[in-house]
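Along the sequence shown, residues carry numbers from 1. Bear in mind the structure is a predicted one, so any value in this text is a computation, not a measurement. Hydrogens, waters and symmetry mates are skipped; everything else that's a heavy atom, side chains included, is used.
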Amino acid sequence: MNYVNDLKQGFLSLPEVKRLKELEGFIDTNLELNQKINELKDLQKKMVNAKEYNQPKQFLEYKKAYDILYEDILDFPFVEEYLDLLDSTNELLKNITMQIEDKINEKLK
């Protein structure tokens, strides 16, 4: 378990992860941005439903509104940085997961 804790602490101490947490705080406290994100999630649900129920015209309308709103969200100064950091930290998490799985498999052999 010590190995897993060391990996976890190492991950949490990375500058990228610290910055990601900082940006999450900005996002969580920005009411306008949160409202837009919730609208975006609602449009995603509508797009999925339109696709599921074979409503291509409705899907395209939702998709157009989604794209416009997404670009509007990206206009916030820190959102693009947040999304980039989210991608890179997710990759790091995948690598850590693989390392943990490798250690477990070593122990099982």
Side-chain angles (χ1 to χ4, degrees):
M1 235 4 174
N2 198 18
Y3 177 75
V4 173
N5 287 332
D6 290 346
L7 281 174
K8 179 181 173 184
Q9 290 308 315
F11 177 76
L12 292 175
S13 67
L14 292 171
E16 297 93 341
V17 175
K18 289 179 180 180
R19 178 66 177 153
L20 185 67
K21 293 267 185 207
E22 183 182 344
L23 292 174
E24 282 176 347
F26 293 142
I27 291 170
D28 289 344
T29 58
N30 188 313
L31 297 177
E32 180 184 2
L33 181 56
N34 273 306
Q35 179 184 356
K36 289 178 185 279
I37 289 171
N38 288 332
E39 289 175 33
L40 193 71
K41 289 177 184 178
D42 187 50
L43 284 169
Q44 285 176 324
K45 289 176 189 175
K46 289 177 180 179
M47 286 168 51
V48 168
N49 285 334
K51 194 170 190 177
E52 183 69 27
Y53 294 109
N54 199 22
Q55 300 170 330
K57 187 175 182 180
Q58 195 66 39
F59 174 83
L60 291 175
E61 287 179 31
Y62 293 141
K63 176 74 170 126
K64 182 178 178 182
Y66 175 91
D67 291 342
I68 291 168
L69 186 56
Y70 185 79
E71 289 299 319
D72 192 29
I73 289 171
L74 287 179
D75 285 342
F76 284 81
F78 48 84
V79 171
E80 203 161 346
E81 179 186 3
Y82 173 79
L83 292 174
D84 290 342
L85 284 171
L86 194 58
D87 284 342
S88 64
T89 53
N90 281 336
E91 277 301 312
L92 286 170
L93 279 174
K94 285 179 192 175
N95 290 335
I96 290 171
T97 301
M98 287 175 27
Q99 290 177 12
I100 292 170
E101 288 173 357
D102 289 346
K103 278 288 188 187
I104 291 171
N105 288 332
E106 274 180 31
K107 297 280 183 184
L108 292 176
K109 288 181 181 178

- prompt: Side chains of Lys103 and Gln99: closer than 4.5 Å at any heavy-atom pair?
  reply: no
field: Spacing of Lys21 atom NZ and Tyr82 atom OH [to the nearest 0.5 Å]
entry: 9.0 Å
message: How long is the straight-line distance from CG of Leu69 back to NZ of Lys64, given to the nearest 0.5 Å?
response: 14.0 Å
message: Do Ile37 and Leu86 sit in one hydrophobic cluster, given that two such residues count as connected whenever their side-chain heavy atoms are within less than 4.5 Å of each other, even indirectly?
response: yes
task: Answer whether the closest heavy-atom distance between the side chains of Leu93 and Asn90 falls below 4.5 Å.
output: yes
Salt bridge present between Arg19 and Glu16 (N-O < 4.0 angstrom): no
query: Out of curiosity, Asp87 CG to Leu92 CG, how far, rounded to the nearest 0.5 Å?
result: 11.0 Å
message: With a 6.0 Å cut-off (strictly less than), is the heavy-atom count around CG of Leu12, excluding the residue itself, greater than 12?
response: yes
task: Please lay out, stage by stage, how Leu74 and Glu71 fare under the test side-chain contact (heavy atoms from CB on, under 4.5 Å).
output: CA-CA 5 Å; Leu74 287 179; Glu71 289 299 319; 4.1 Å; yes
- prompt: When rounded to the nearest 0.5 angstrom, what distance separates CG in Asp67 from CG in Leu40?
  reply: 9.5 Å
- prompt: After noting the C-alpha distance and the side-chain angles of Lys94 and Met98, does the key distance pass the side-chain contact (heavy atoms from CB on, under 4.5 Å) rule?
  reply: CA-CA 6 Å; Lys94 285 179 192 175; Met98 287 175 27; 5.5 Å; no
- prompt: What heavy-atom pair brings Ser13 and Lys18 nearest, and what distance separates the two atoms?
  reply: O-CE, 3.5 Å
- prompt: Transitively linked via ILVMFWY side-chain contacts under 4.5 Å: Ile68 with Val79?
  reply: no
query: Got Glu101 and Thr97 here, is their nearest side-chain heavy-atom distance under 4.5 Å?
result: yes
field: Inter- and intrachain pairs under ring pair (Phe, Tyr, Trp, His ring centres under 6.0 Å), touching residues 21-60, at least two apart
entry: Phe26-Phe78
query: Cluster question for you: counting only ILVMFWY and a side-chain heavy-atom cut-off of under 4.5 Å, with indirect links fine, are Phe11 and Leu23 together?
result: no
message: Do Leu14 and Thr89 have side chains that approach each other closer than 4.5 Å (heavy atoms only, starting at C-beta)?
response: no
statement: Minimal heavy-atom distance between Asn34 and Ile27, with the atoms involved, is ND2-O, 2.9 Å
- request: State, yes or no, whether a side-chain contact exists between Lys36 and Glu32 at a heavy-atom distance under 4.5 Å.
  value: yes
- prompt: When rounded to the nearest 0.5 angstrom, what distance separates CD in Gln35 from CG in Asn30?
  reply: 10.5 Å
message: Rounded to the nearest 0.5 Å, what separates atom CG in Asp28 from atom CG in Leu33?
response: 9.5 Å
field: Closest contact, heavy atoms only, Leu43 versus Tyr62
entry: CD2-CD2, 4.1 Å
query: Any side-chain heavy atom of Ile104 sitting closer than 4.5 Å to one from Lys107?
result: no
message: Is any side-chain heavy atom of Pro56 closer than 4.5 Å to one of Asn54?
response: yes
